[in-house]
Chemist: 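Just passing along the structure, written as structure tokens.
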Amino acid sequence: MYGINVIYTMKPGKRDEFLAGVTASGAQAAVRGEEGCLQYDYFTSVDNPDKLLLLEKWTNREAQKVHMGQPHMALIQEVKDRCAADTILETYDLP
């Protein structure tokens, strides 16, 4: 298995807009339906309203690579461009 932590720093006050945009676009549901997707969940920080964690788990790196080319990823990118100030990726292999 392959995992990714995507740590977003939102522009001030944009976290809820980001989450609403990803949900409304249908992109989050589409990702969860992709072959090889085991988890795709957003988590909010209790301490910082501008921090957001996306936890992704995939059956393997190839499935995640295919995921990045899906049309609904452009919808997420549009919301990200509007709402996110910074993104950090942490990747890891899972047993």
Side-chain angles (χ1 to χ4, degrees):
M1 286 194 305
Y2 179 63
I4 302 174
N5 293 340
V6 183
I7 304 163
Y8 293 107
T9 301
M10 294 290 134
K11 295 173 184 173
K14 293 288 190 174
R15 183 181 75 185
D16 290 342
E17 181 182 335
F18 177 88
L19 291 170
V22 169
T23 301
S25 71
Q28 184 175 9
V31 171
R32 288 178 173 162
E34 289 180 41
E35 186 173 336
C37 181
L38 302 172
Q39 183 175 10
Y40 194 86
D41 292 305
Y42 290 94
F43 297 90
T44 58
S45 171
V46 205
D47 300 322
N48 185 338
D50 295 325
K51 288 287 185 182
L52 187 64
L53 169 67
L54 168 59
L55 182 59
E56 298 184 44
K57 290 184 184 172
W58 298 88
T59 52
N60 55 50
R61 288 176 186 256
E62 186 58 34
Q64 198 277 333
K65 185 177 176 182
V66 169
H67 152 74
M68 292 304 296
Q70 297 302 311
H72 48 265
M73 291 308 294
L75 300 172
I76 292 176
Q77 186 63 49
E78 288 175 19
V79 177
K80 181 180 167 184
D81 289 346
R82 197 170 59 244
C83 299
D86 187 45
T87 306
I88 296 171
L89 296 175
E90 299 174 340
T91 62
Y92 47 92
D93 291 308
L94 298 163

Chemist: Is it the case that more than 12 heavy atoms not belonging to Lys65 sit under 6.0 Å from its NZ atom?
Modeler: no

Chemist: Between Lys51 and Thr44, does any side-chain donor sit less than 3.5 Å from a side-chain acceptor?
Modeler: no

Chemist: Is there a chain of hydrophobic side chains (I, L, V, M, F, W, Y, each step under 4.5 Å between heavy atoms) that links Val46 to Leu19?
Modeler: no

Chemist: Does Leu75 share a hydrophobic cluster with Leu54, counting links as ILVMFWY side-chain heavy atoms below 4.5 Å and allowing steps through other members?
Modeler: no

Chemist: Going from CZ on Arg61 to CG on Asp93, what distance comes out if it is rounded to the nearest 0.5 angstrom?
Modeler: 4.5 Å

Chemist: When Ile, Leu, Val, Met, Phe, Trp and Tyr are grouped by side-chain heavy atoms lying under 4.5 Å apart, directly or through other members, which residues fall in the same group as Tyr92?
Modeler: Met1, Ile7, Leu38, Phe43, Leu53, Leu55, Ile88, Leu94

Chemist: So does Ala20 get a backbone contact from the side chain of Thr23, meaning a donor-acceptor N/O pair under 3.5 Å?
Modeler: no

Chemist: Any donor and acceptor pair, going by atom type alone, linking the side chain of Asp50 with main-chain N or O of Gly13 inside 3.5 Å?
Modeler: yes

Chemist: In Å and rounded to the nearest 0.5 Å, what is the CD to CG distance from Glu56 to Asn5?
Modeler: 9.0 Å

Chemist: Sequence neighbours excluded, which residues qualify as salt bridge (Lys or Arg N to Asp or Glu O under 4.0 Å) partners of Lys80?
Modeler: none

Chemist: Is it true that Gln39 and Asp41 share a donor-acceptor pair across their side chains at a distance under 3.5 Å?
Modeler: yes

Chemist: Donor-acceptor pair, distance only, cut-off 3.5 Å: does the side chain of Arg32 make one with the backbone of Tyr40?
Modeler: yes

Chemist: In sequence, state the C-alpha distance, the side-chain angles, and the governing distance for Val79 and Phe18, and then conclude on side chain to side chain contact (heavy atoms under 4.5 Å, CB included).
Modeler: CA-CA 6 Å; Val79 177; Phe18 177 88; 3.5 Å; yes

Chemist: For residues Leu89 and Ile76: do they belong to one hydrophobic cluster (side chain heavy atoms under 4.5 Å, members Ile, Leu, Val, Met, Phe, Trp, Tyr)?
Modeler: yes

Chemist: What's the spacing between Lys57 NZ and Cys37 SG if we round to 0.5 Å?
Modeler: 11.0 Å

